[in-house]
Amino acid sequence: MLKTLMAQIKEYRGASIATPICMTIEVLMETIIPFLMASIIDNGVDKGDLHHIYMVGGAMFLIAVIGLLGGLGGGHFGAKASAGFAKNLREAMFRNIQTFSFANIDRFSTAGLVTRLTTDVTNLQNAYQMILRMCTRAPLSMICAMIMSYVICPRLANIYLLAVLILGTILMLLMMKTHRYFSQVFEKYDELNASVQENVSGIRVVKAYVRENYEKERFTKASKNVYSMFVKAEKLISLNAPIMQFTVYACILLISWIGAKLVVQSSLTTGDLMSMLTYSMNILMNLMMLSMVFVMITMSAASGRRVAEVIEEQSTLTNPTQPDYEVPDGSIRFEHVSFDYHGDREHPILKDVDLTIHAGETIGIIGGTGSSKSSLVNLISRLYDVTDGAVFVGGKDVRSYDLDTLRNEVAVVLQKNVLFSGTILENLRWGDENASEEACKRACRLACADEFIERMPQKYETYLEQGGSNLSGGQKQRLCIARALLKQPKILILDDSTSAVDTATDAKIRQAFAQEIPGTTKLIIAQRISSVQEADRIIVMEDGRIQGFDTHERLLETNEIYRDIYESQTKGSGDFDEKAGEH
């Protein structure tokens, strides 16, 4: 974990080194000042030597200025290093997330990733700054003050040493106890963020079903869990302050009492006693600072583990050593393919799939809910890897291709249509960032999206809200199809992507595909027979197996599942999934 996190310091190593150097200068100057103060009292005030007072006072002023500059430098470089460290952590996580396969993404919740990119990184930023500054300043200051104390009066210095040992032991015990709570509290943060995210993104559904009170209770519960864990941790941490205060004042009283006796006995000068009291406060206050650093480190240790987990996550999909950069055509072949999202060979969701699709064919895919239609097509663009068998595109195993090359030639319009905030043109150019406006308009005509775009006041410059919330479901689907067409792929997969489009528009889209992109292999997953019956061939799926693969007419004659689905939709004799699931 530490190696992963420290690798993100990168270009801020200079600032990270400069910070403790500046803090060291500040500490050394602070250590000298009490020693000079004792000299002023003993050799200047007591002896009435004004010249000595002026000379030593001038030296004290110069040393104080140097110490001030050291402190300012430490603050400046510390802030630069910690902010840069946090920036690099966020970038490293975000860049690695972009390489994740669907299988990797399934391991992390969206809310969990947001928490790691924000709260956890902020904790690490604060901890790193405190480590650079306080973890240099506090121990060094304590050591210097302790040395000077032993130089002045070993008997009184032993009091400091005993206090440090007692407080250090208590601090370690508190750290061990609180680390467990802080590890759990960030998991509760994930639950809290998930509650907020789901509520905000689904606010229309919440209001439509009058579920505001339920959502409030859900949020309150998540918030209370975070509160409870923090209270448990803070209760233990709060013990630190009173123990520290008690030790500080006990040390001051002991030093004053024993020191006064030594002064009376002429074993110690008044100036030396003043220096010892100053060093006493210095040691104990720095010990208190160190305890705060340890608390922050305890909190950030849990955050560091979570951040490193994302950075270290390796994509389950990688490029081969010598990848192919050209997809010859849009032919597809499944060769005894089995697949499970968790690699379970005993209970795969796709079972021994064997089929061949020729380049340029239009293939319909139909089946009941949960029949693994989407899982089948996800393997073509290698969004997941097969558990057993092989998938071939253009006559080559998809695992032999460069991932970007393959996915640029296989355009997928998923079930969940995602649009981003920006203009319609900006969203369309996700398919091809260099596409001309005319090319975008042509893709929209093929997807029948031009009909509603032309009616908008700003047409293709119309601004879309996040998720395309100012468009209807059918409009979003047509824009996503147009975006996929701009890639000019060899294979186009429509995963139930016209479900929100009326039958007439659906027919227009299919007709446009047949006329305008005849060389593109088209796979159309649909719930309606009417959406696939004109396809060259139709795949009928049930329970992860292919139960039929033929033309519409022949399937009606030979496939009972397909015939029942057809009759349920054309004659109203029952529910699609119910009929399909009976066989």
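Quantities reported herein were computed from a predicted structural model and do not represent experimental measurements.
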[X] side chain near [Y] side chain, heavy-atom distance below 4.5 Å:
X: Val327; Y: Ile491; answer: no
X: Arg478; Y: Phe452; answer: yes
X: Phe334; Y: Leu376; answer: yes
X: Tyr12; Y: Asn88; answer: yes
X: Glu567; Y: Arg563; answer: yes
X: Tyr460; Y: Leu428; answer: yes
X: Arg399; Y: Val386; answer: yes
X: Phe549; Y: Asp354; answer: no

Got a donor-acceptor contact below 3.5 angstrom from the [X] side chain to the [Y] backbone?
X: Thr521; Y: Gly360; answer: yes
X: Arg483; Y: Trp430; answer: no
X: Asp536; Y: Ile363; answer: no
X: Asn408; Y: Asp404; answer: yes
X: Arg90; Y: Leu117; answer: yes
X: Arg13; Y: Lys10; answer: yes
X: Lys522; Y: Thr520; answer: yes
X: Arg407; Y: Ser381; answer: yes
X: Ser315; Y: Thr99; answer: yes
X: Asn123; Y: Ser300; answer: no

Exercise. Sequence neighbours excluded, which residues qualify as ring pair (Phe, Tyr, Trp, His ring centres under 6.0 Å) partners of Phe392?
Worked result: none

Problem set entry | Derivation and outcome, side chain to side chain contact (heavy atoms under 4.5 Å, CB included), residues Lys351 and Asp543 | CA-CA 9 Å; Lys351 301 150 190 168; Asp543 193 28; 3.3 Å; yes

Measure the [atom1]-[atom2] distance between [X] and [Y] for me, rounded to the nearest 0.5 Å.
X: Gln477; Y: Cys448; atom1: CD; atom2: SG; value: 12.5 Å
X: Ile525; Y: Ile365; atom1: CD1; atom2: CD1; value: 4.5 Å
X: Thr362; Y: Leu494; atom1: OG1; atom2: CG; value: 10.0 Å
X: Tyr562; Y: His552; atom1: OH; atom2: NE2; value: 4.5 Å
X: Asp432; Y: Cys440; atom1: CG; atom2: SG; value: 8.0 Å
X: Leu523; Y: Asp495; atom1: CG; atom2: CG; value: 10.0 Å

For this session: Take Ser375 and Tyr341 through the test side-chain hydrogen bond (donor to acceptor under 3.5 Å, both in side chains) and record every step on the way to the result.
Result: CA-CA 9 Å; Ser375 300; Tyr341 288 102; 2.7 Å; yes

Problem set entry | Residues Glu438 and Arg445 bridged, charged N to O under 4.0 Å | yes

Exercise. Quick one: do Lys3 and Glu312 make a salt bridge, cutoff under 4.0 Å?
Worked result: no

Looking at [X], I want to see if its [atom1] is surrounded by more than 12 non-hydrogen atoms of other residues, nucleotides or ligands under 6.0 Å.
X: Gln314; atom1: CD; value: no
X: Glu433; atom1: CD; value: no
X: Gln488; atom1: CD; value: no

For this session: Please test Ile311 against Leu89 for side chain to side chain contact (heavy atoms under 4.5 Å, CB included), starting from the C-alpha separation and ending with a verdict.
Result: CA-CA 8 Å; Ile311 296 173; Leu89 284 175; 4.0 Å; yes

For this session: Check the angle between the aromatic planes of Tyr128 and Phe85 and answer parallel, tilted or perpendicular using the 30° and 60° thresholds.
Result: tilted

Problem set entry | Chi angles and distances behind the salt bridge (Lys or Arg N to Asp or Glu O under 4.0 Å) call for Lys441, Glu437 | CA-CA 6 Å; Lys441 289 180 178 179; Glu437 188 169 341; 3.7 Å; yes

Problem set entry | Check: Thr387/Asp340 side-chain N/O donor and acceptor closer than 3.5 Å | no

For this session: Kindly state each residue pair satisfying ring pair (Phe, Tyr, Trp, His ring centres under 6.0 Å) with at least one member in residues 351-377, sequence neighbours excluded.
Result: none

Problem set entry | Steps toward side chain to side chain contact (heavy atoms under 4.5 Å, CB included) verdict (Ile424, Met456) | CA-CA 11 Å; Ile424 289 176; Met456 292 178 168; 3.8 Å; yes

For this session: Using the side-chain hydrogen bond (donor to acceptor under 3.5 Å, both in side chains) rule, collect all pairs that involve residues 320-337, keeping only residues at least two apart or in two chains.
Result: Asp324-Ser400, Asp329-Ser331, Arg333-Glu335, His336-Asp352

